[in-house]
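In what follows, every chain begins at residue 1, and chains take the letters A, B, ... in the order their sequences are listed. Heavy-atom basis, side chains included; hydrogens, waters and symmetry copies ignored.
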Amino acid sequence: MRYWLLKSEPDVFSFEMLCARGCEPWNGVRNYQARNFLRAMRQGDLALFYHSNTSPSGVAGLARIVREAYPDDLQFDPQSPYYDPKSAGGEPRWSMVDIAPVQALPRFVPLDELRRLPELADCAVINRGNRLSVLPVTFAEWEAVLQAGGLDPARLGEPVEVA
DNA sequence: GCCAACGTTGGC
DNA sequence: GCCAACGTTGGC
């Protein structure tokens, strides 16, 4: 089991939209390092869903990898902004995975709070200028974010009790 | 909306 | 293969 962080601009695709869809291909990644991380994902891996370029930015919820990397179809579509003419005919160079929502964090964890978590001192997401949209997080980082968000990592997946 | 940081492109 | 120019990301 590995843990990841996925960035998305909520105006484009938010965690709430993922919850409404149920399952979604994570496509349009056009950075080689991020693509390699997508290819390293395994079914059942968990991810922090991070809202970027918004106010405030931060972790909104949790998602699960439900299908491992397969060719991103947008790279073949000349109408798509993610079209890549270099992929036509040859080996597809861009991949996507499918993700599904696990649950929203009871408390949204904004970036300034992430920065104050000692466990996240080495996590790239807290650094200004970091542009990687898919990145691995350690279990310690994962745990710290869940706790900050009001979840007990050990109880993840159990039904949320309604008061 | 500004601009720093960073990745990519392309001239040489 | 260097590196300046450019485009994009994303915090502020």
Note to self: Working note: A:M41 + A:V134, criterion side-chain contact (heavy atoms from CB on, under 4.5 Å); need CA distance, chi angles, decisive distance, verdict.
What the structure shows: CA-CA 10 Å; A:M41 291 176 172; A:V134 180; 3.6 Å; yes

Margin query: Generate the contact string for nucleotides 6-11 of chain C. Rules: B means base contact, S means sugar-phosphate contact only, - means no protein heavy atom under 4.0 Å.
Written below: -BBSBB

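- The residue from A:R35, A:Q33, A:R39 that alone fulfils the side chain to side chain contact (heavy atoms under 4.5 Å, CB included) condition with A:F37 is A:Q33.
- A donor-acceptor distance shorter than 3.5 angstrom exists from the side chain of A:S14 to the backbone of A:M17, with no hydrogens or angles considered.
- Checked against the 6.0 Å centroid criterion, the rings of A:W4 and A:F49 do not qualify as a close aromatic pair.
- Applying side-chain hydrogen bond (donor to acceptor under 3.5 Å, both in side chains) to A:W94 and the options A:D72, A:D73, A:D84, A:N31 leaves one that passes, A:D84.
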